Every structure is written in structure tokens, then in C-alpha cells.
Amino acid sequence: MHRQIFRRAKRDEQQAPLVIAVFGPPVGGTGTQSSMLAKFLRVPHISIGSLLRSYARDETEAGVGLTGMMALGNLVPDTLVLDVLATRISEPDCARGLILDGFPRTLRQAELLECGLLRSQFYANDLKENLVALHLRVQNSTIVGRLSGRRICSRCSATYHVENQPPRVNGECDFDGSALTIRDYDRKATVLKRLRLYERQTVPVLNHYAETASLLEIDGEQPREIVAQEIVTAIQSVLCISVVGGRDVQPTLEDNP
């Protein structure tokens, strides 16, 4: 079931394009659901992580700087992320709207996002009338199970899961017989630490959007097909529209095996 925190008035067809910011814990399904929703609405799915990696490959000054930061494992400054994002959303394919996956993560980023988007040629109106925050709720125990059950081949990096995708021989890679390992990133203590950080950073952002835009909460524990259908229904409901140019949801689901 989805929960609608705030319902805005019916959209004017002349308003600026719609921005949907998708939130969820690590491996909470945000990437999958963002991709499917983007196909349904026929708008770009902008993953901040993928966008930064793409720009880091460029030989521009910004690209070289990003490469150095990411190679050292340093956090990319918010202002630089906003510069990269502003460049991306100024492209023509964002004229109808966009799906943001992985941004904003903090209240400061949310505030910078609003200021940055309002400078874009596409967003002449108040962004608060054109933003929907979508929160996928997933229990911490589910996330811990998904991550702590991962096993990685020490040689070829093939990925397994002790419950959902186990190897044929316990502890050995199906492809080369090498030992399977647990990354420090996936250990229970680390996962719980990541979840605490996510909650500490994200709750203020969700509260901000509940007050200033539309916040939709979706039960992310359900099968992905049901989650996807509830997202589409909730988006259509909160905007009081039928999505013009959107695809049928079932073919979209079939495109994402």
C-alpha cells in the first residue's frame, strides 16, 4: 500500500516539467523502480552515481577533478555535483521531466538542488509545484539480509547470495572454483552503520518535502511488479492526471527482468 503525505492541486499543463526524486535505503530497489518509472513516463532516469562516473571519464577540467576525488574515495563536493547535474538537466530530453535516483541525500543537497534547478531554462516556475519525492520503505532486517548474504568470487567477481542465488558448491564460484568472500562493505556491522547514516541524513529531507512538495511513501517490501504498479497509481493520483505519452506498465515491467 502507498501513503500520500501531501496532495497538491491539479497541475497546470503549462507548468515546468516534473521532477521525481526517489529515496530508499541501500539495495532498497530505487535503481530498478526509477528505471521502470522513467520508461513508463518516457523521461530520463538520472542516477547521480552513474552520472558522476560518466563525467569523470571526460578529459575536461571537471572530469579530471572528479577522477581524482573518486579514485581517492573522497566525497564529491555538493556544489560540483550540482554543476554536473545542472549540465545534464539542461539537455533537451529533460524538457518533459526527469527521475532523480541517489540525490538529494541531505537537506543541504535538497536546498541546493532547488536553487540550482530554478536557474535552469526549463524551470521558470516554483520548483515546489513540480517536485514529487518518492520514498520506498524497506525494513532494516530486509536490507541486512540482502547485503550480508552476498558472496563475491575472489577471482572473477561473480556475485552470489546464500539464499537467493547460492553457488552450486558451498563457498566456491561456479565459474572458476575460487573461494567466495564477503566484502567489508556487506558485513552486518557495516550495513547497520550505513542504514543509520541513511536514516540520519534522509529523514530531514523527507520531512522537508512533506512540507514543501508532495511526498509519497511506498511499501518496498512487496514484489517489484506490485511496487511499480503502486508507484504509477500514486504518481497519477497525486498529480490528478493521466500520464500523457506514458507506456502501459506491464510491458515496462517485462523490459526489466
Side-chain angles (χ1 to χ4, degrees), residues 2 11 16-58 66 70 76 81-105 109-110 112-114 116-117 120-123 127 130-138 198 202 205-206 209 213-218 220 222-236 238-239 241-257:
H2 72 269
R11 280 172 59 87
L18 177 67
V19 177
I20 300 177
V22 183
F23 298 87
V27 299
T30 58
T32 297
Q33 296 298 334
S34 295
S35 178
M36 295 195 307
L37 182 60
K39 289 181 180 179
F40 176 76
L41 295 176
R42 298 185 184 276
V43 298
H45 165 207
I46 300 178
S47 165
I48 297 302
S50 297
L51 183 64
L52 291 174
R53 287 189 292 272
S54 174
Y55 272 77
R57 290 192 291 268
D58 292 343
L66 274 172
M70 297 171 76
V76 179
V81 175
L82 259 295
D83 287 343
V84 171
L85 180 59
T87 299
R88 175 64 184 89
I89 68 173
S90 68
E91 296 178 11
D93 65 337
C94 293
R96 294 185 64 243
L98 56 110
I99 312 292
L100 279 179
D101 175 13
F103 193 87
R105 292 185 183 275
Q109 289 179 348
L112 288 172
L113 172 66
E114 294 174 23
L117 283 180
S120 166
Q121 60 175 318
F122 292 135
Y123 295 87
L127 180 65
N130 301 283
L131 188 145
V132 173
L134 182 65
H135 180 214
L136 300 181
R137 299 191 314 273
V138 183
Y198 168 78
T202 305
V205 180
L206 297 177
Y209 285 140
S214 288
L215 173 61
L216 299 174
E217 292 196 339
I218 305 291
Q222 305 172 99
R224 64 171 191 160
E225 293 82 3
I226 296 177
V227 173
Q229 187 63 66
E230 286 200 2
I231 289 173
V232 169
T233 300
I235 292 291
Q236 291 176 318
V238 75
L239 298 178
I241 59 170
S242 59
V243 182
V244 178
R247 304 174 61 184
D248 291 338
V249 69
Q250 190 58 42
T252 301
L253 294 172
E254 293 170 354
D255 289 344
N256 290 268

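Being a predicted model, the structure only gives us computed values, none of them experimental.
In this structure, the separation between CG on Leu134 and CG on Asp101 is 10.5 Å, given to the nearest 0.5 Å. Note: Ile226 CD1 to Thr233 OG1 = 11.5 Å, rounded to the nearest 0.5 Å. Note that the CD atom of Glu230 and the CD atom of Glu217 stand 12.5 Å from one another [nearest 0.5 Å]. Within the model, atoms CZ of Arg88 and CD1 of Ile46 stand 4.5 Å from one another, a figure rounded to the nearest 0.5 Å. In this structure, CG in Leu206 is found 5.5 Å from CG in Leu215, a value given to the nearest 0.5 Å. For the atom pair CD1 of Ile235 and CZ of Phe40, the computed distance is 10.0 Å after rounding to the nearest 0.5 Å.
The minimum heavy-atom distance linking Val138 with Pro25 is given by the pair CB-CG, 4.0 Å. Considering every non-hydrogen atom in both Met36 and Ala228, the closest pair reads CE-CB, 3.5 Å. Scanning both residues, Thr30 and Ser34, for their nearest heavy atoms gives O-OG, 2.6 Å. When every heavy atom of Phe23 is checked against every heavy atom of Tyr209, the shortest pair comes out as CZ-CE1, 3.7 Å. The heavy-atom pair separating Ile231 from Leu37 by the smallest distance is CG2-CD2, 3.9 Å. When all heavy atoms are compared, the tightest approach of Leu113 to Pro104 is CD2-CD, 3.8 Å.
At least one side-chain heavy atom of Gln33 sits under 4.5 Å from a side-chain heavy atom of Val227. Annotation: side chain of Thr32 is in contact with side chain of Arg224 (closest heavy-atom distance under 4.5 Å). Using a 4.5 Å cut-off on side-chain heavy atoms (C-beta onward), Leu100 and Leu85 make contact.
For the pair Arg96 (side chain) and Leu41 (backbone), a donor-acceptor distance under 3.5 Å is present.
For Arg105, the side chain to side chain donor-acceptor pair (under 3.5 Å) criterion is met by no residue, not counting sequence neighbours. Not counting sequence neighbours, the partners of Ala38 by the side-chain contact (heavy atoms from CB on, under 4.5 Å) test are His45, Ile99.
Checked for salt-bridge contact, Asp93 and Arg42 miss the test: no charged N lies under 4.0 Å from a carboxylate O.
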